Amino acid sequence: MTNAASVVIEVQHNRSFGGASEKFLRRRAMQAAIARCILFAAAAASVLVTVGIVYVLVTESASFFSHVSIRDFLTDTQWTPVFENARFGVMTLVSATLTVAGIALAFAVPAGMALAIYLSEYARPGIRETVKPFLELLEGVPTVVYGFFAVLFVTPLLQIFLPELSGFNLLAPGLVMGIMILPYTASVSEDAMRAVPMGLREAGYALGYSRFRVAAQVVIPAALSGITAAFILGMSRAVGETMVVAVAAGQNPNFGFDPMEGAATITAYIVQMAMGDLPHGSIAYQSVFGAGIVLFVITLIFNVLGFYMRRRFREVY
Amino acid sequence: MASSPGKQPAQPELESIVRGNRRSDLVMAGIGMIVLLVAMALLAAVFIDLAVKGWPRLINPDFYINFPSRHPEQAGILSAAVGTTLVMLVTALVAIPLGVAAGVYLEEYAARSWITDVIEINVSNLAGVPSIIYGLLALGLFVHAFGLGETILTAGLVLALLILPVIIVATREAIRSIPLELREAAYGLGADKWQTVRLYVLPAARPGILTGAIVGLARAIGEAAPVITIGALTFIAFLPPPPVQAQPPFINFEWLSSPFTVMPIQLFNWVSRPQAEFHINAAATGVVLMVMTLGMNGLAIYIRYRLRRDAR
């Protein structure tokens with residue numbers, strides 16, 4: 001309220017001393033113009049971040065691709081950047097990345113759908129209000145902690161049932177990553193389901209449908225693009241997630257989709273190279289950016305697709 | 001359905017439909033609850049697993065005042081904790097003013113134009129860029145092109161950029177929830193736009209902005225990937241120079257250009273070692289990290305809860 005008073009005083013002051021008024025107004029207009037410029041600069045600075053990312057990835061990987069042909073990069077199935085006869089088949093890393101992300105989705109899609117249907121169609125508002133903050137807490141766990149959990153808890157646990165599972169494997173980090181993206185996919189799908197107008201549900205109930213049938217035959221089809229968006233964005237997170245795989249998936253670049261064995265993902269490779277203190281400008285240093293640009297393009301495609309789908313469900317209702 | 005249109009289904013048939021509906025509802029609600037309980041059990045499992053494994057180090061005061069060491073039973077998190085604190089200081093000082101200013105611009109000033117569209121699409125896209133890509137940005141630009149090196153300043157800057165979208169989005173949502181009447185009242189008193197924003201809108205939006213800043217910083221504390229990429233060391237057996245000193249000018253900025261380590265990197269280093277003794281240290285570090293991040297997230301949820309209750 002002191003703020004309100006100060007404006008009143010400022011204004012009254014200028015009314016009663018007419019001579020000062022013009023000077024005051026000019027000063028105020030100047031302040032407003034400066035403030036506006038600063039605020040705009042801050043907003044524009046966020047664009048510079050994207051420009052910076054694209055600039056660094058393109059320039060550094062341009063010198064990488066002057067040594068390695070893009071064809072070899074995309075078709076070779078060996079990734080041996082520090083060997084004497086270095087080979088750079090990025091699909092080696094991509095195969096492990098997609099395997100882990102696939103396992104994560106295989107867990108997160110059914111679990112996320114069940115949770116979203118429960119929260120949107122069954123849970124009472126009180127329960128929903130308690131559960132959503134809890135899901136946020138789950139999202140706040142540092143990923144390196146999940147990495148610890150994957151390698152020293154989930155892997156030994158799985159080895160009881162699957163004795164042939166390696167100490168480093170793709171299954172455990174994949175499952176843990178599924179847990180990690182579950183809160184996100186569940187809450188985005190739930191938002192999409194809740195955006196479905198009540199009238200559609202009531203039409204279903206008027207036909208004598210059960211809640212389950214309303215959810216399965218009315219709500220899910222109506223919210224499908226939003227739900228798809230949730231899982232595409234979840235996939236993007238799983239592909240870009242670093243610490244879980246860096247800790248638990250091992251560091252051997254193997255081409256293949258076997259979840260029982262360890263293999264380096266794109267992100268794990270970047271971490272592994274960064275730990276090794278690379279000489280600036282060497283081919284191994286540049287290969288990090290070559291791998292980085294592939295990761296950036298994959299996640300960008302998923303993100304654009306996800307945002308597009310999400311916008312579509314918003315426009316319908 | 002067996003009955004012809006216009007006719008009511010027979011009583012037993014109706015009852016079996018109702019029973020079937022009840023059963024499917026029960027099954028579906030049950031599955032949802034089970035998933036929920038499993039998720040809760042997993043969060044508890046993560047925490048209990050860490051606490052049990054790290055207990056011998058957690059209760060040992062040396063763990064908090066020792067530097068890392070080759071001997072696992074002597075190793076501590078002092079340099080990592082100090083490093084995290086100083087990096088977060090830089091991150092907060094950069095990300096909060098920048099993010100709030102950008103959020104205010106987008107919500108209060110931006111006219112519908114292609115420039116605004118570009119900025120908005122850009123912010124939502126930045127939120128989806130993997131954190132390790134920010135690390136590559138920092139490695140190529142800050143470390144090598146700008147010559148900032150592998151320092152606290154570089155780490156603070158990259159984490160600030162990483163959480164910028166979080167703070168921008170939170171600021172916008174907080175400002176959007178301020179009723180129009182407040183602005184109209186200010187205009188009615190003769191305030192111009194900037195006065196209205198500065199004296200009324202921002203103070204009213206403060207709790208929402210605070211929530212976003214806390215969530216963003218909690219995320220930054222737990223991030224390891226971008227900091228590893230710039231080449232943060234894991235074995236730091238000294239502290240950066242203190243930011244304050246007894247002689248004039250009393251404030252010292254040398255710490256900004258000091259090598260450092262942070263807690264998630266210390267954890268990563270210890271968990272990657274083959275010796276099981278180091279895993280105890282990793283678990284204990286994990287507990288400290290989880291207490292910090294969950295505590296901060298919990299605080300943010302509490303502030304938002306109070307805000308909603310007061311609004312009613």
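Just so it is clear, the structure is predicted and the values come from calculations on it, not from any experiment. Below, read A as the first sequence line, B as the second, and so on, with proteins coming before strands; counting in each chain starts at 1.
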Does a side-chain heavy-atom distance below 4.5 Å link Phe47(B) with Val141(A)?
-> no
Salt bridge flag under 4.0 Å for residues Arg304(B) and Glu136(A) = yes
Worked check of side-chain contact (heavy atoms from CB on, under 4.5 Å) between Phe268(B) and Met275(A) | CA-CA 11 Å; Phe268(B) 177 58; Met275(A) 298 291 282; 3.8 Å; yes
Quick one: are Phe289(A) and Leu139(B) in side-chain contact, heavy atoms under 4.5 Å?
-> yes
Does a side-chain heavy-atom distance below 4.5 Å link Pro142(A) with Pro264(B)?
-> no
Considering only heavy atoms, which portion of Ala246(A) lies under 4.5 Å from any heavy atom of chain B: side chain, backbone, both, or neither?
-> both
Quick one: which of Gly140(A), Ala43(A), Gly240(A) has the most heavy-atom pairs under 4.5 Å with chain B, could you say?
-> Ala43(A)
Polar side-chain atom of Lys53(B) near backbone of Leu152(A) as donor-acceptor pair, under 3.5 Å | yes
Quick one: of Leu42(B), Thr293(B), Leu136(B), who has the most non-hydrogen atom pairs under 4.5 Å with chain A?
-> Leu136(B)
What's the verdict on side-chain contact (heavy atoms from CB on, under 4.5 Å) for Arg211(A) and Met28(B), showing C-alpha distance, side-chain angles and the deciding distance?
-> CA-CA 9 Å; Arg211(A) 279 191 192 202; Met28(B) 197 52 227; over 6 Å; no
Beyond-backbone contact of Val46(B) with Phe153(A), side-chain heavy atoms, under 4.5 angstrom = no
Do we see a donor-acceptor contact under 3.5 Å between the side chains of Tyr122(A) and Asp25(B)?
-> yes
Contact origin within Thr299(A) toward chain B - heavy atom pairs under 4.5 Å = side chain
Interchain contact, Leu119(A) with chain B, by part (heavy-atom threshold 4.5 Å) = neither
So do Val35(B) and Tyr118(A) actually touch side chain to side chain, heavy atoms under 4.5 Å?
-> no
Without swapping roles, check the side chain of Asn303(A) against the backbone of Gly128(B) for a donor-acceptor pair under 3.5 Å.
-> yes
Largest heavy-atom contact set with chain A, pairs under 4.5 Å, which of Ser124(B), Pro97(B), Gly298(B) = Ser124(B)
Check: Asn21(B) and Phe212(A) side chains under 4.5 Å, non-hydrogen atoms | no
